[in-house]
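To start, the structure under review is shown below, and the notes come after it.
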2 protein chains.
Amino acid sequence: MELRHLRYFRAVAEAGHITRAAERLGIQQPPLSLQIKALENELGVQLLRRLPRGVELTEAGAAFYEDTCAILTDADRAVSRVRRVARGEAGQIAVGYSSTVISHPAVKSAIRACRGQAPEVAVSLVEDGSYELAGAIAAHRLDAAFIRTEPEEFPELRFIELLQEPLLLAVPAEEGFASAGPVSLARAAALPLVLYRRSAGPKLYDRIIAAFAACGTPPRIIQEAPGANAALNLVAAGMGSTLVPQSLCAAHPEAVRYHPLAADPPLTAPVLFALRRSETSPAVRRFVSTVREVAGK
Amino acid sequence: MELRHLRYFRAVAEAGHITRAAERLGIQQPPLSLQIKALENELGVQLLRRLPRGVELTEAGAAFYEDTCAILTDADRAVSRVRRVARGEAGQIAVGYSSTVISHPAVKSAIRACRGQAPEVAVSLVEDGSYELAGAIAAHRLDAAFIRTEPEEFPELRFIELLQEPLLLAVPAEEGFASAGPVSLARAAALPLVLYRRSAGPKLYDRIIAAFAACGTPPRIIQEAPGANAALNLVAAGMGSTLVPQSLCAAHPEAVRYHPLAADPPLTAPVLFALRRSETSPAVRRFVSTVREVAGK
DNA sequence: TCCATGCCATATCTAGAACATATCAAGATC
DNA sequence: GATCTTGATATGTTCTAGATATGGCATGGA
């Protein structure tokens with residue numbers, strides 16, 4: 001049995017005439033009669049009652065007509081679906097993010113843009129640390145990720161810098177400076193600092209330490225936190241101050257005050273986009289190009 | 001696109017090798033390669049990545065593989081279903097019954113036997129009067145019916161007498177005879193009678209009247225009821241006595257006493273099975289033969 | 001009663017497609 | 001670098017879908 005038999009049978013069932021169905025199908029009547037008979041033979045079932053005028057479905061034929069229509073529409077749907085998947089308009093992608101990037105408006109709008117452009121792509125989001133995310137991408141558990149720090153150990157991955165955002169000084173509200181204006185590194189160094197631990201992002205960590213050192217005011221680090229969000233929580237609790245990427249400034253609006261940092265060169269934290277160099281999935285490639293487009297990179 | 005392409009693609013996807021899939025399919029490798037390529041061309045989508053060892057599915061190929069399997073199993077199911085329908089093992093039938101036959105054990109067991117033999121046949125049951133049921137069968141709204149009276153006006157229908165059951169005398173409990181034994185027609189004639197109206201079943205009605213007349217004791221009919229069940233309700237209310245088919249003797253066990261009728265020849269009511277002479281549906285034909293088998297007719 | 005009409009079935013032919021055989025090419029493995 | 005594995009290509013053969021021509025049968029009108 002082939003789809004041709006089903007297409008022919010459907011046409012005959014709907015026309016009620018073999019001759020008329022043949023016209024609609026663009027073939028002649030005898031081959032259509034033969035094909036229908038071949039189908040009946042293979043099934044071992046009479047599908048049509050031949051009447052003096054036209055044909056009508058038997059009980060079995062009526063049941064088979066239902067299934068025939070379902071199969072043919074499923075086949076059509078499968079064809080259009082595979083084409084959409086090949087164009088990256090359907091499918092599924094798994095995207096990771098580290099906790100300090102998801103609040104950045106550019107990241108949010110990138111993900112929103114993807115959903116808008118390819119609503120049939122199911123995007124699943126996973127939060128984890130930069131290193132873990134990179135490993136998951138290399139192991140094909142994820143397809144891409146927004147991270148802060150570029151791990152060195154993954155030559156098969158590519159990292160695209162989407163943006164640099166300034167670091168802010170986050171101070172407990174009750175100890176805040178009078179003005180909301182910029183604060184110099186020297187003044188910041190006078191505050192007791194909570195900082196995330198170096199292993200969570202050594203490059204930025206070293207840049208911060210070096211910046212303080214450059215203006216002759218080594219910072220006073222009184223507490224280490226596992227990450228920037230944890231450090232912010234400690235600030236909110238009044239334990240000290242810290243430096244966080246600007247996009248976190250919506251956190252703890254009551255308990256924490258955020259001040260721009262006056263530093264030269266400015267202290268900034270990057271948002272990186274990680275993906276496999278040899279990516280084949282059309283949905284992922286489409287996602288990647290949308291993200292780069294939105295970020296202008 | 002034909003089912004052949006889908007069968008071939010499924011085999012290749014599952015084997016991961018074109019050559020090995022060709023073996024399983026019982027064809028040679030070159031035509032299989034060509035068929036797969038033809039499928040890819042028609043879809044305009046690359047389904048396979050050709051590797052040094054075998055092939056693997058692309059994203060689009062994986063999506064298409066899912067749909068392919070669904071379509072192929074649907075096609076197989078459609079084939080087996082149409083065969084079951086043709087054998088009368090699946091489908092749907094609409095059966096009618098008049099109110100006084102459904103309680104007969106032979107009717108119940110006939111319907112139960114059909115459900116047991118062809119559980120995939122959906123049986124819908126409709127209650128109505130004998131004339132209405134016959135009309136519905138002739139109009140193809142029903143397929144068959146269990147009735148009491150054979151209407152004359154339907155030459156296209158066949159009526160099979162499944163059984164004859166004796167009539168019982170139903171008497172209000174407080175007026176019952178002392179013994180549970182048979183009651184002669186003459187004694188019954190002394191009671192005030194409730195009888196269903198003649199139009200509901202003229203043949204049996206006339207037989208009853210004639211039987212009374214034959215022993216010289218015309219009955220005293222004090223009330224007419226639309227049918228036997230309604231008459232029984234009146235008996236239960238103490239309005240009088242009536243004659244009902246034996247299978248109704250489970251009704252009103254507290255309020256009504258049932259006595260066999262001593263009459264020669266015995267007064268009996270038939271159960272008829274009505275169906276179209278030109279029935280084509282295999283499910284209905286199967287139902288009919290099961291009913292006749294169970295009834296021994 | 002006869003003929004015209006409409007529609008499906010049968011017989012036969014042809015062109016195209018599916019499949020087989022033989023061979024090649026590319027990458028992997030030793 | 002030789003060999004093996006595996007898919008691609010080239011070419012011939014078989015089978016079958018479809019075309020053409022014709023027959024059969026029932027219906028409807030003259």
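Just the heavy atoms: all of them, side chains too, but no hydrogens, waters or symmetry mates, feed the values below. Labels below follow one simple rule: chain letters A, B, ... track the order of the sequence lines, proteins then strands, and each chain is numbered from 1. Just so it is clear, the structure is predicted and the values come from calculations on it, not from any experiment.
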For [N], does either OP1 or OP2 sit under 4.0 Å from a side-chain N or O belonging to [X]?
X       : N     : value
B:Thr19 : D:dT6 : no
A:Arg50 : C:dA9 : yes
B:Arg20 : D:dT6 : yes

Using whole Å, what does the distance between atom [atom2] of nucleotide [N] and atom [atom1] of [X] come to?
X       : N      : atom1 : atom2 : value
B:Leu34 : C:dG16 : CG    : C1'   : 15 Å
A:Gln29 : D:dG18 : CD    : P     : 14 Å
B:Arg4  : C:dA18 : CZ    : P     : 5 Å
A:Leu32 : C:dC8  : CG    : P     : 9 Å

Counting the atoms with a prime plus P, OP1 and OP2 as sugar-phosphate, which does [X] contact under 4.0 Å by heavy atoms, base, sugar-phosphate, or nothing?
X       : result
A:Pro52 : sugar-phosphate
B:Gln35 : sugar-phosphate
B:Arg49 : nothing

Could you work out which one of D:dG18, C:dA11, C:dC19 sits closest to the side chain of A:Pro30?
C:dA11

Pairwise distance NZ(A:Lys37) to CG(A:Leu48) - rounded to 0.5 angstrom
11.5 Å

Given that A:Arg53 and A:His5 both sit by DNA chain D, which one's nearest nucleotide is further toward the 5' end?
A:His5

